[in-house]
Amino acid sequence: MKAFEVRKASVQPQYDVAMKDIEQAKEWGWKSAHVGRGTLYTEVAEMLANDGFDIKIVKRANDCMSYNEVSWENAEEGKRGTITYVDET
């Protein structure tokens, strides 16, 4: 299997994990959540933004401290979410 095939096959599972994290946060009454394990793929961030979520991807020097925050606080019907990248390395 080639690396690009692994990446392509990883996109949907990463999106599914993010949606599971969002669902859990919603049940707890939160308005945002840290999602996924590691930095989100660009494709996954785009999928979430197309669903109306605002995404903030924070990259830190220690990759274990990097995180992805997804918010639905400013969501409106038919409105695409935003994607913000923050490089704290």
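FYI, side chains are in, hydrogens and waters are out, and symmetry mates aren't considered; it's all heavy atoms of this structure.
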Check: residues 16-28 side-chain donor-acceptor pairs under 3.5 Å, at least two apart:
| unit_1 | atom_1 | unit_2 | atom_2 | d |
| --- | --- | --- | --- | --- |
| Asp16 | OD1 | Gln12 | NE2 | 2.8 |
| Asp21 | OD2 | Gly36 | N | 2.9 |
| Asp21 | OD2 | Arg37 | NH1 | 3.0 |
| Glu23 | OE1 | Lys26 | NZ | 3.4 |
| Glu23 | OE2 | Lys26 | NZ | 3.0 |

Next item on the list: Output yes when a side-chain donor or acceptor of Glu88 lies under 3.5 Å from a complementary backbone atom of Val58, and no otherwise.
Entry: no
Item checked: Connected via hydrophobic side-chain network under 4.5 Å: Tyr67 and Trp72 -> no
Check: Would a 4.5 Å heavy-atom cut-off, applied to side chains only, mark His34 and Asn68 as touching?
Finding: no
Note to self: side chain to side chain contact (heavy atoms under 4.5 Å, CB included), that's the test. Do Asn74 and Phe53 meet it? Break it down for me.
What the structure shows: CA-CA 8 Å; Asn74 298 312; Phe53 294 101; over 6 Å; no
Margin query: For the CG atom of Asn50 and the CZ atom of Arg80, what is their distance to the nearest 0.5 Å?
Written below: 4.5 Å
Next item on the list: State, with a plain yes or no, whether a side-chain heavy atom of Tyr41 is found less than 4.5 Å away from one of Arg7.
Entry: yes
Check: For Asp54 and Thr82, does a side-chain donor sit closer than 3.5 Å to a side-chain acceptor?
Finding: yes
Margin query: Can you confirm whether Tyr85 sits close enough to Thr42 that some side-chain heavy atom of one is under 4.5 Å from a side-chain heavy atom of the other?
Written below: yes
Next item on the list: Tell me, yes or no, whether the heavy-atom count around Lys79 atom NZ, taken from other residues, nucleotides or ligands under 6.0 Å, exceeds 12.
Entry: yes
Check: Can any side-chain N or O of Thr84 pair as donor or acceptor with the backbone N or O of Lys56 at less than 3.5 Å?
Finding: no
Item checked: Approximate separation, where rounding is to 0.5 Å, of Asp87 CG and Lys59 NZ -> 8.5 Å
Next item on the list: Please identify each residue that fulfils salt bridge (charged side-chain N to carboxylate O under 4.0 Å, His left out) with Glu77, with sequence neighbours left out.
Entry: none
Check: Do you know which two heavy atoms are closest between Gln14 and Val44, and how far apart they sit?
Finding: OE1-CG2, 3.1 Å
Check: Taking atom NZ of Lys8 and atom OG of Ser10, what is their separation to the nearest 0.5 Å?
Finding: 12.0 Å
Next item on the list: Test Val35 against Leu40 for side chain to side chain contact (heavy atoms under 4.5 Å, CB included), laying out the working first.
Entry: CA-CA 9 Å; Val35 301; Leu40 290 177; 4.3 Å; yes
Next item on the list: Rounded to the nearest 0.5 Å, what's the gap from CD1 on Ile83 to CG on Leu48? Could you check?
Entry: 8.0 Å
